[in-house]
Number of protein chains: 2
Amino acid sequence: MSKNDIKIHDPKAQVVKDSLIKEDELDDVTTFFKTMGDNTRLNILIALNHNEFCVNDLTYILGLSQSAISHALMTLRGQKLVKTRRDGKIIYYSLDDDHVTTILDMALSHIKERR
Amino acid sequence: MSKNDIKIHDPKAQVVKDSLIKEDELDDVTTFFKTMGDNTRLNILIALNHNEFCVNDLTYILGLSQSAISHALMTLRGQKLVKTRRDGKIIYYSLDDDHVTTILDMALSHIKERR
DNA sequence: TTGACATATGCACATATATTCATATAATGA
DNA sequence: TCATTATATGAATATATGTGCATATGTCAA
């Protein structure tokens, strides 16, 4: 008996199965959540939600190595969650997406109400 | 020179550093995002957003093994994102949190607008 | 009580990923 | 040009995590 022979109990299952979002679209969403699902990156986003900062100051704020911060920022930039601005040697990072703030706030309140 | 000797450029860095959320609270939020950051779990949530379903039907909808679905559901239940209802042999799963729908929708639109 | 169906769980394995270390690139001022 | 400061990147390692397999638990019908 192969996988195709599974018998559904609720006919709605077929409808929902057919209406699932496409794999690549799903990948985009999960990748977004994965990006948010890391203490370092989330802390960076929270910090940048207050103000733009350079890599050095983010290193100080989070208390992590410059390399770790830089790697995290590259991931965030790849997801277009942060953008950069250069002023001489210094590169300033800031949030690149209004949604992030909203989603962040929602998640925070979601957690708090759950307690 | 130790980590404490990092010199900040922007005095706001100190303010933001002091206002960071507590580690355990941060863990809660990232754990929540991690839970959402998986294709199987997210697909389950999307399916349950349409209707409650039993494990068997979710297995059919996602085309995965019963074990994989069950494991995923345990994680979701641990995060209080789904709840269960038993009817005889069958256990029905449904969303346990209004926020999830909202956050899901936001993430989906976030992705779409970004293209 | 036995068999069939529905779901859960422990273990093992494979894959993904965050961090560190070392080093590279880039910009500035002397 | 050289030294210094700021940031990025590649490789290696350690840890986390999703899935399949086998099996356990639970429920009902006969």
Side-chain angles (χ1 to χ4, degrees), chain A residues 1-3 5-10 13 26-27 30-45 52-79 82-94, chain B residues 1-3 5-10 13 23 26-27 30-45 48 52-79 82-94:
Chain A
M1 171 143 112
S2 87
K3 236 177 212 170
D5 298 329
I6 293 179
K7 288 198 177 103
I8 60 178
H9 299 152
D10 187 337
L26 185 71
D27 284 339
T30 53
T31 300
F32 167 75
F33 281 125
K34 272 181 196 160
T35 305
M36 307 281 286
D38 173 76
N39 282 19
T40 300
R41 291 191 292 264
L42 201 62
N43 249 338
I44 289 177
L45 292 177
E52 69 167 8
F53 282 112
C54 65
V55 179
N56 178 77
D57 285 6
L58 287 172
T59 300
Y60 173 76
I61 293 171
L62 297 205
L64 289 178
S65 73
Q66 179 266 319
S67 179
I69 299 291
S70 201
H71 278 295
L73 285 170
M74 288 308 103
T75 303
L76 291 170
R77 213 172 57 172
Q79 286 297 303
V82 301
K83 62 177 188 288
T84 61
R85 165 177 85 80
R86 162 160 262 166
D87 183 9
K89 286 184 288 194
I90 300 178
I91 296 177
Y92 291 95
Y93 280 82
S94 57
Chain B
M1 169 144 114
S2 88
K3 235 177 213 169
D5 297 328
I6 293 179
K7 289 199 176 100
I8 60 178
H9 298 153
D10 188 337
E23 179 115 357
L26 186 71
D27 284 340
T30 54
T31 299
F32 167 75
F33 281 126
K34 272 181 196 160
T35 305
M36 307 282 285
D38 173 77
N39 281 18
T40 300
R41 291 190 292 264
L42 201 62
N43 248 338
I44 289 177
L45 292 178
L48 296 183
E52 69 167 7
F53 282 112
C54 65
V55 178
N56 178 79
D57 284 7
L58 287 172
T59 299
Y60 173 77
I61 292 172
L62 298 205
L64 290 178
S65 73
Q66 180 265 320
S67 178
I69 299 292
S70 200
H71 279 296
L73 285 170
M74 288 309 103
T75 303
L76 290 170
R77 213 172 57 172
Q79 286 297 302
V82 301
K83 62 178 188 290
T84 60
R85 164 177 85 79
R86 180 182 275 275
D87 182 11
K89 286 183 287 193
I90 299 179
I91 297 177
Y92 291 95
Y93 280 83
S94 57

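For B/Asp38, whose side chain is taken as the heavy atoms from C-beta onward, the closest listed nucleotide among D/dG18, C/dT7, D/dT7 is D/dG18.
When the C1' atom of D/dG18 is taken as reference, atom CG of B/Leu62 falls 14 Å away, rounded to whole Å. Between B/Leu76 atom CG and C/dA8 atom C1' the separation is 15 Å, expressed in whole Å. Between the CG atom of A/Leu42 and the C1' atom of C/dA18 there is a distance of 15 Å, given to the nearest Å. As a whole-Å value, the separation of A/Tyr60 OH from D/dA6 P is 15 Å. Rounded to whole Å, the distance from NZ on B/Lys34 to P on C/dA16 is 17 Å. If you take CG of B/Asn56 and C1' of D/dT27, they are 15 Å apart, rounded to a whole angstrom. When rounded to the nearest whole Å, the span between CD1 of A/Ile91 and P of D/dA6 equals 12 Å. To the nearest angstrom, C1' of C/dT19 lies 12 Å from CZ of A/Arg41.
For the pair B/Asn39/A/Asp27, a side-chain contact is recorded, criterion being any heavy-atom separation below 4.5 Å from C-beta on.
Smallest separation of non-hydrogen atoms from A/Tyr92 and A/Asp87: CE1-CB, 3.9 Å. The shortest non-hydrogen separation linking A/Arg41 to A/Thr35 is NE-O, 2.8 Å.
Side-chain nitrogen and oxygen atoms of B/Tyr93 include none within less than 4.0 Å of the OP1 or OP2 phosphate oxygen of C/dA6. Contact annotation: A/His71 does not reach the phosphate of C/dT20 (side-chain N/O to OP1 or OP2, under 4.0 Å). Regarding contacts with the backbone of C/dT7, every side-chain N or O of B/Ser67 stays at 4.0 angstrom or more from both OP1 and OP2. One finds a side-chain N or O of B/Ser65 lying less than 4.0 angstrom from the OP1 or OP2 phosphate oxygen of D/dG20. B/His9 has no side-chain polar atom (N or O) that falls below the 4.0 Å cut-off from OP1 or OP2 of D/dT5.
The side chain to side chain contact (heavy atoms under 4.5 Å, CB included) with B/Ile8 is formed by just one residue from the set A/Ile61, A/Asp57, A/Leu58; it is A/Asp57.
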Please tabulate, one pair per line, each protein N/O and nucleotide N/O from nucleotides 27-30 of chain C that are separated by under 3.5 Å, including the distance.
| residue | atom | partner | partner atom | Å |
| --- | --- | --- | --- | --- |
| C/dA27 | OP1 | A/Arg86 | NH1 | 3.4 |

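B/Thr75 comes within 4.0 angstrom of no nucleic acid atom, judged by non-hydrogen atoms across all strands. Residue A/Ala68 is in base contact, counting any heavy-atom pair closer than 4.0 Å across all strands shown.
Checked by distance alone, B/Gln66 brings no side-chain donor or acceptor within 3.5 Å of a matching partner on the base of C/dA6.
For the atom pair CD1 (A/Ile44) and CG (A/Leu73), the distance works out to 4.5 Å, reported to the nearest 0.5 Å.
Not a single ring pair (Phe, Tyr, Trp, His ring centres under 6.0 Å) links B/Phe53 to another residue, sequence neighbours left out. With sequence neighbours excluded, no residue satisfies salt bridge (charged side-chain N to carboxylate O under 4.0 Å, His left out) with A/Arg77.
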